[in-house]
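What follows is a set of notes on a single structure, which appears directly below.
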Amino acid sequence: RLAQQALSGQRSLRLRTGTPLATYGWPGSTTTFVTSAPLSFTYWPQWSSSWPILGIALASRTRALSAHSTVGELLAPLTRERVGLLSTSAVTPPSWWQRLR
């Protein structure tokens, strides 16, 4: 019974290549971060440690970001499979006024 209850709370998620996961930028210059490959995994919503981890590592917010550059990765729970995150378009650095905000 306990095993059946645990399995009933299980969820599966399938992400295709190009699945949008985050938006980055400022007014006038934005991009979407998408998956570089497909990823499938199982998780349990009631366990916080079973959620996927999204890691984004940008060199600097004041530098330009080119299109299709790797900006981070998505780490699947349990299997620890990693899929890269790519920018869909270029982002110009924020203006000095935008950096003051």
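Note that the coordinates shown come from a computational prediction; the quantities given were computed from them, not determined experimentally.
We find the CG-CG distance between L39 and L13 to be 7.5 Å, quoted to the nearest 0.5 Å. To the nearest 0.5 angstrom, T30 atom OG1 is 11.5 Å from Y24 atom OH.
When atom types are taken as modelled, the side chain of T92 and the backbone of A64 share no donor-acceptor pair closer than 3.5 angstrom.
For T79, the side-chain contact (heavy atoms from CB on, under 4.5 Å) criterion is met by A76, E81, not counting sequence neighbours. Applying the salt bridge (Lys or Arg N to Asp or Glu O under 4.0 Å) rule to R16 yields no partners; only residues at least two apart in sequence or on another chain are considered. With sequence neighbours left out, the side chain to side chain donor-acceptor pair (under 3.5 Å) criterion links S69 to S87. Residues that satisfy the side-chain contact (heavy atoms from CB on, under 4.5 Å) test with P20, not counting sequence neighbours, are T32, V34. Take T88 and apply the side chain to side chain donor-acceptor pair (under 3.5 Å) test, not counting sequence neighbours, and it matches T31.
Between S36 and the options T70, T17, V83, L74, a side-chain contact (heavy atoms from CB on, under 4.5 Å) holds for only V83.
Looking at every heavy atom in both residues, A90 comes nearest to S29 through O-OG, 4.2 Å.
A chain of hydrophobic side-chain contacts below 4.5 Å, direct or via other Ile, Leu, Val, Met, Phe, Trp or Tyr residues, connects L21 to V91.
Sorted by first and then second residue, the salt bridge (charged side-chain N to carboxylate O under 4.0 Å, His left out) pairs with a member in residues 82-91 read E73-R82; sequence neighbours excluded.
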